[in-house]
Amino acid sequence: MIDTATNLKGRDFTSIGPWSRGDLEQVLDLADELKAARAAGEPTDVLPGRTVGLIFQKPSTRTRVSFEVGVAELGSTALYLAASDLQLGRGEPIRDTAYVLSRYLDAIMIRTFAQADVDAFAEHASIPVVNGLTDEEHPCQALADLMTIRERFGRLDGLRVAYVGDGNNVCVSLMHGCARFGVRFAAATPGDYQPPGAAVEEARVAAAETGGSVDVVPEAAEAAAGAHAVYADVWTSMGQEAEQSARTHAFRAYAITPQLLELASPDAIVLHCLPAHVGEEIDEEVLYGPRSAVWDQAENRLHAQKALLALIVP
Ligand code: CP
Ligand code: NVA
């Protein structure tokens with residue numbers, strides 16, 4: 001019997017920030033349970049009869065499909081809502097949209113550009129709001145990342161996680177997540193592409209309470225040395241296409257190559273949120289090689305988000 005009783009009902013998941021280690025642990029534990037139940041062919045319809053809206057203002061493969069399938073497996077209905085098809089795309093205010101959708105739906109996930117828009121949605125909605133990626137954060141990705149690392153090593157405390165590349169949305173959410181679980185996190189980024197200072201400071205405060213640490217360093221080799229997980233994301237995120245050539249130049253030394261992996265722990269795994277650009281931030285033999293946990297990581301989006309919804313949707 002899967003137990004979803006919790007103190008998390010009604011909570012938003014717009015950012016890792018307000019979520020404690022205990023809160024996140026509930027999600028990771030339930031995600032493991034839902035994954036095992038699904039593998040055993042048991043039903044996981046612990047959230048029957050709800051309707052979850054999914055607003056997308058950017059493209060998606062994993063987030064869209066894992067939410068749509070996950071909601072169905074919970075016994076609920078998912079509604080895919082392209083932002084361009086909503087009146088939101090013609091200027092209807094976020095506030096009005098949030099008021100109205102709260103009357104129809106039981107929860108809403110939003111993928112958009114500005115974090116402030118997701119925060120405004122959450123402020124005005126009376127249902128839980130989930131961040132499905134903004135320019136600033138990708139907290140659902142961080143849940144799957146933490147789940148995957150814990151699944152491979154049986155723990156998070158004391159592990160070293162190295163992130164190589166852009167100090168972007170994925171980096172920031174991973175950093176916050178690692179900080180809450182006693183991980184020694186290091187991001188290797190070029191000087192102009194470091195994660196925002198305020199986010200680093202916030203993560204350091206959290207890490208100080210868990211025995212973890214947060215470092216931002218200039219060299220990929222420095223971050224990767226002794227790491228248990230080496231993580232890459234694209235050099236050019238959605239919405240940054242005009243900067244592509246400058247970014248390709250700036251990040252050329254920030255890739256997961258076999259040589260970089262030799263510096264990591266002998267049992268190190270490779271992570272990438274996907275989509276990957278082979279030959280840019282990750283080499284082909286690394287992405288498809290024996291250390292790659294990338295496909296488990298992508299699968300775990302499904303289990304982690306099912307757990308999240310099962311816990312926050314009243
Ligand atoms: N990792 C991730 O969020 O992938 P999508 O952009 O395909 O949803
Ligand atoms: N940083 C990437 C992540 C894609 C899942 C982007 O925002 O495009």
Side-chain angles (χ1 to χ4, degrees), residues 13-16 31 52-71 78 80-83 108-118 130-149 163-177 187-190 192-196 199 229-244 246-248 250-251 254-256 270-278 280-282 287 292-306 308-309:
F13 190 61
T14 54
S15 164
I16 300 279
V52 180
L54 310 172
I55 298 180
F56 283 91
Q57 203 162 10
K58 290 175 176 172
S60 170
T61 296
R62 281 142 289 272
T63 305
R64 176 177 178 177
V65 178
S66 58
F67 265 106
E68 287 202 30
V69 171
V71 168
Y80 172 77
L81 302 165
I108 192 132
M109 184 236 76
I110 308 172
R111 166 170 287 199
T112 188
F113 293 88
Q115 178 72 27
D117 286 351
V118 173
V130 174
N131 177 354
L133 179 145
T134 61
D135 293 343
E136 286 91 344
E137 282 222 39
H138 196 359
C140 290
Q141 182 66 53
L143 289 179
D145 301 342
L146 294 167
M147 180 182 174
T148 307
I149 301 168
Y163 175 94
V164 174
D166 190 12
N168 61 14
N169 45 10
V170 167
C171 174
V172 166
S173 292
L174 178 69
M175 175 175 72
H176 285 311
T189 66
D192 291 343
Y193 297 96
Q194 293 181 358
V230 185
Y231 197 122
D233 184 14
V234 294
W235 292 341
T236 303
S237 286
M238 292 181 277
Q240 298 172 336
E241 289 77 8
E243 302 170 21
Q244 186 157 3
R247 287 174 165 272
T248 302
F251 288 113
Y254 295 83
I256 311 185
V270 170
L271 298 171
H272 192 306
C273 58
L274 302 174
H277 292 75
V278 164
E280 293 186 16
E281 77 277 358
I282 191 163
L287 178 62
S292 174
V294 166
W295 317 111
D296 286 347
Q297 182 188 5
E299 179 188 325
N300 285 341
R301 294 289 306 275
L302 173 69
H303 311 299
Q305 290 157 193
K306 282 171 73 177
L308 175 73
L309 290 174

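Indexing begins at 1, ligand by ligand and atom by atom, following the structure's order.
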Novice: Which heavy-atom pair separates Ala31 from Ala304 by the least distance, and what is that distance?
Specialist: CB-CA, 3.8 Å

Novice: Take Phe113 and Gln57 through the side-chain contact (heavy atoms from CB on, under 4.5 Å) test and state the conclusion after the steps.
Specialist: CA-CA 8 Å; Phe113 293 88; Gln57 203 162 10; 4.0 Å; yes

Novice: Test of understanding: with side-chain hydrogen bond (donor to acceptor under 3.5 Å, both in side chains), list the residues that count as partners of Ser15, not counting sequence neighbours.
Specialist: Glu137

Novice: Could you find the nearest protein heavy atom to atom 2 (C) of ligand 1 and give me its residue, atom name and distance?
Specialist: Arg301 NH1, 3.3 Å

Novice: Specify the protein heavy atom at minimum distance from atom 6 (O) of ligand 1: its residue, its atom name, and the distance to 0.1 Å.
Specialist: Arg111 NH1, 2.8 Å

Novice: When you measure from atom 4 (O) of ligand 1 to every protein heavy atom, which one gives the shortest distance, and what is it?
Specialist: Arg62 NE, 2.8 Å

Novice: In terms of relative ring orientation, are Tyr231 and Tyr163 parallel, tilted or perpendicular, with 30° and 60° separating the classes?
Specialist: tilted

Novice: Which of the numbered atoms in ligand 1 are under 4.0 angstrom from any heavy atom belonging to Leu274?
Specialist: 1 (N), 2 (C), 4 (O)

Novice: If you measure every N/O of Pro275 against every N/O of ligand 1, is any gap under 3.5 Å?
Specialist: no

Novice: Of all the heavy-atom pairs spanning Tyr254 and Ala188, show the shortest one and how long it is.
Specialist: CD2-O, 3.5 Å

Novice: Where do Leu309 and Val71 land on the side-chain contact (heavy atoms from CB on, under 4.5 Å) test, with the steps shown first?
Specialist: CA-CA 8 Å; Leu309 290 174; Val71 168; 3.7 Å; yes

Novice: Which of the numbered atoms in ligand 1 are below 4.0 angstrom from a heavy atom of His138?
Specialist: 2 (C), 3 (O)

Novice: If we ignore angles and hydrogens, is there a donor and acceptor under 3.5 Å between the side chains of Asn131 and Gln115?
Specialist: yes

Novice: If you draw the axis of the six-membered ring of Tyr80, does the NZ or CZ of Arg64 fall within 45° of it and under 6.0 Å from the ring centre?
Specialist: yes

Novice: Using the rule side-chain hydrogen bond (donor to acceptor under 3.5 Å, both in side chains), only one of Arg301, His272, Gln297 pairs with Asp145; which is it?
Specialist: Gln297

Novice: Got the closest protein heavy atom to atom 7 (O) of ligand 1, with its distance?
Specialist: Thr61 N, 2.7 Å

Novice: Can you list, by chain and residue number, every protein residue with a non-hydrogen atom closer than 4.0 Å to ligand 2?
Specialist: Leu133, Asn168, Asn169, Val170, Asp233, Val234, Ser237, Met238, Leu274

